[in-house]
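Here the structure is laid out as structure tokens; the discussion comes afterwards.
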Amino acid sequence: MSRADAVVEINFDGIIGPSHNYAGLSVGNLAAVGNAGRVSRPRDAALEGVAKMRTALSLGLTQGILLPHPRPDADWLAALGTTPETADRLLIANAMSASAMWAANAATVSPAADSADGRCHLSVANLLTMPHRAHEWPATLAQLRVAFANGAFAVHGPVPAPFGDEGAANHMRLASAGTAGVEIFVYGRSGGEFPARQHEQASRAVARRHGLDPAHTLFWQQSDAAIAAGAFHNDVVAVADGTILFAHEQAFADRTAAFDALRAVLPAVEIVEVPAPQVPLADAIRSYLFNAQLVTRPAGGGVLILPREAQDVDSVRTYVDALVAGNGPIRDVQFVDVRESMANGGGPACLRLRVLCDPATVDPRFLVDGARLDRIAGVIERNWPERIVPDALGDPELHQAIQAARSALLAELDLSELES
Ligand code: SUG
């Protein structure tokens with residue numbers, strides 16, 4: 001079982017799969033739609049992800065991985081009465097998506113300190129709003145059941161349809177060190193022409209299943225304006241860590257009531273709110289300022305791991321310079337290059353799932369150090385396609401190459417049992 005004093009935050013990054021491509025499948029995700037039809041570079045993409053993990057290790061953080069899913073997803077196509085060889089363009093694009101890389105959408109996680117039974121709970125996300133993501137959960141669940149098989153964890157299946165659940169991307173946890181936390185579930189109602197992907201009933205179901213204390217659980221509505229401006233997940237406009245909430249002024253429908261409720265249950269909270277006149281919503285979304293990993297070094301001190309694109313937007317660059325020069329809780333920034341993922345609307349925070357637990361309770365095959373990352377990088381360099389043009393998504397030779405690449409990675413990590 002786990003030891004409470006050994007609990008740390010582990011970031012499990014989704015390794016970017018060999019089928020990474022730009023099919024433009026995500027309505028409401030401006031980057032993905034804007035880059036539809038572009039040639040992708042799966043090898044570079046995956047190596048960028050590995051480099052990001054090295055940055056986290058260099059900060060003294062504990063790092064884990066989640067694996068790419070089998071693509072094309074032949075089981076899903078079979079359920080639709082077709083095959084990778086015969087599926088039409090749209091179905092094969094949906095079956096080839098490497099979207100499982102965005103591990104923030106894999107599950108919602110409530111650490112042991114927050115749950116009634118003292119176990120860490122994980123609910124796999126059903127992702128049912130987008131067809132290319134709705135078939136992710138069985139392969140995610142299979143991995144979670146292996147990685148978190150220890151009795152310290154409770155792994156749950158998806159919330160049933162029609163309640164859309166997008167996992168940790170719409171969930172924030174704040175806590176003073178070592179205490180029970182406040183869990184905030186952010187749901188959407190409407191977003192102009194774009195869908196609200198996280199349904200309130202799904203959030204409430206996850207909270208109940210995790211046995212959370214209702215007095216320490218908050219449900220906030222995402223502002224329609226944020227969804228309409230391209231914040232298809234809350235983690236595009238807000239991020240939390242420890243006692244810090246870093247959010248855009250227009251992130252939530254009723255910010256005053258929301259922050260009052262939060263201060264009432266967590267008086268130590270430090271809310272760093274970015275005013276719209278300083279950083280307009282459009283700039284925040286374009287730069288992915290809030291899709292940063294907000295992390296705490298083991299020795300203390302908040303670090304914001306930002307995408308390098310945040311330096312290209314004037315208002316954001318000015319804001320970040322002032323932020324680190326000021327007296328606030330965020331004093332340090334690290335930039336990472338995840339441009340291939342960013343072009344599909346996935347920044348540093350999308351690529352990771354946070355699990356607060358004793359690392360000794362996690363299957364060690366899902367944890368990495370520098371040497372294991374070297375081995376993963378070697379497999380990627382040898383096997384990942386250099387480029388994929390969208391017209392090739394139905395090509396049987398590409399399918400074979402992608403399947404072989406994934407198998408090579410599973411074999412290297414001694415995880416061939418996930419083969420299917
Ligand atoms: O669901 N993009 C993902 C990006 C997910 C980002 N995750 C978080 N914000 N946590 C999405 O929209 C694009 C794939 C395509 O269009 O082919 C995509 O699925």
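In listed order, ligands and their atoms are each counted from 1. These numbers come from the heavy atoms of this one structure, side chains and all, not from hydrogens, waters or symmetry mates.
Checking only distances, Arg133 does come within under 3.5 Å of ligand 1, N or O to N or O. Checked against a 3.5 angstrom limit, the closest N/O atoms of Trp102 and ligand 1 fall outside it.
Residue contacts with ligand 1, taken as heavy atom pairs separated by less than 4.0 Å, involve Ala32 solely via side-chain atoms from C-beta onward. Under 4.0 Å from ligand 1, the heavy atoms of Arg197 that appear belong solely to its side chain. When heavy-atom distances to ligand 1 are checked against a 4.0 Å cut-off, Tyr22 has no atom that comes that close, whether in backbone or side chain. Contact annotation: for Leu25 versus ligand 1, heavy atoms closer than 4.0 Å belong to both the backbone and the side chain. Contacts with ligand 1 closer than 4.0 Å are made by no heavy atom of Val33, backbone or side chain. Contacts of Ala104 with ligand 1, taken as heavy-atom pairs under 4.0 Å, involve the side chain alone.
What sits closest to atom 6 (C) of ligand 1 on the protein, heavy atoms only, is Cys350 SG, 3.2 Å. Scanning the protein heavy atoms around atom 10 (N) of ligand 1, the nearest turns out to be Asp235 OD2, 2.7 Å. Of the protein's non-hydrogen atoms, the one nearest atom 11 (C) of ligand 1 is Ser26 OG, 3.4 Å. Looking only at protein heavy atoms, the nearest one to atom 2 (N) of ligand 1 is Asn344 O, 3.0 Å. From the protein, the heavy atom lying nearest to atom 19 (O) of ligand 1 is His132 NE2, 2.7 Å.
Within 6.0 Å of CD in Glu417 there are more than 12 heavy atoms belonging to other residues, nucleotides or ligands. Counting non-hydrogen atoms of other residues, nucleotides and ligands closer than 6.0 Å to CZ of Arg375 gives a total above 12.
Classification of the Phe12-Phe148 ring pair by plane angle, with boundaries at 30° and 60°, yields perpendicular. The aromatic rings of Phe290 and His248 sit perpendicular, their planes meeting at an angle over 60°, well past the 30° parallel limit.
Short contacts between ligand 1 and Gly345, defined as distances under 4.0 Å to a heavy atom of the residue, involve ligand atoms 4 (C), 6 (C). Atoms of ligand 1 lying under 4.0 Å from any heavy atom of Ala169, numbered from 1 in the order shown and given with element: 10 (N). With ligand atoms numbered from 1 in the order given, ligand 1 contributes 15 (C), 16 (O), 17 (O) to contacts under 4.0 Å with heavy atoms of Gly24. Near Asn29, meaning under 4.0 Å from one of its heavy atoms, ligand 1 places the atoms 2 (N), 3 (C), 4 (C), 11 (C), 12 (O).
Not one N or O on the side chain of Arg119 forms a donor-acceptor pair closer than 3.5 Å with the backbone of Ala154. The main-chain N or O of Leu289 is found under 3.5 Å from a side-chain atom of Ser287 such that the two form a donor-acceptor pair. At least one donor-acceptor pair closer than 3.5 Å links the side chain of Gln222 to the backbone N or O of Ala231.
Qualifying salt bridge (Lys or Arg N to Asp or Glu O under 4.0 Å) partners for Glu183, counting only residues two or more places apart in sequence or in other chains: none.
Under a cutoff of 6.0 Å and an axis angle of 45°, Arg308 and Phe335 do not form a cation-pi pair.
Between the CG atom in Leu351 and the CD atom in Gln293 there is a gap of 8.0 Å [rounded to 0.5 Å].
Applying the salt bridge (charged side-chain N to carboxylate O under 4.0 Å, His left out) rule to pairs touching residues 42-67 yields Asp13-Lys52, Arg41-Asp44, Arg54-Asp374, sequence neighbours excluded.
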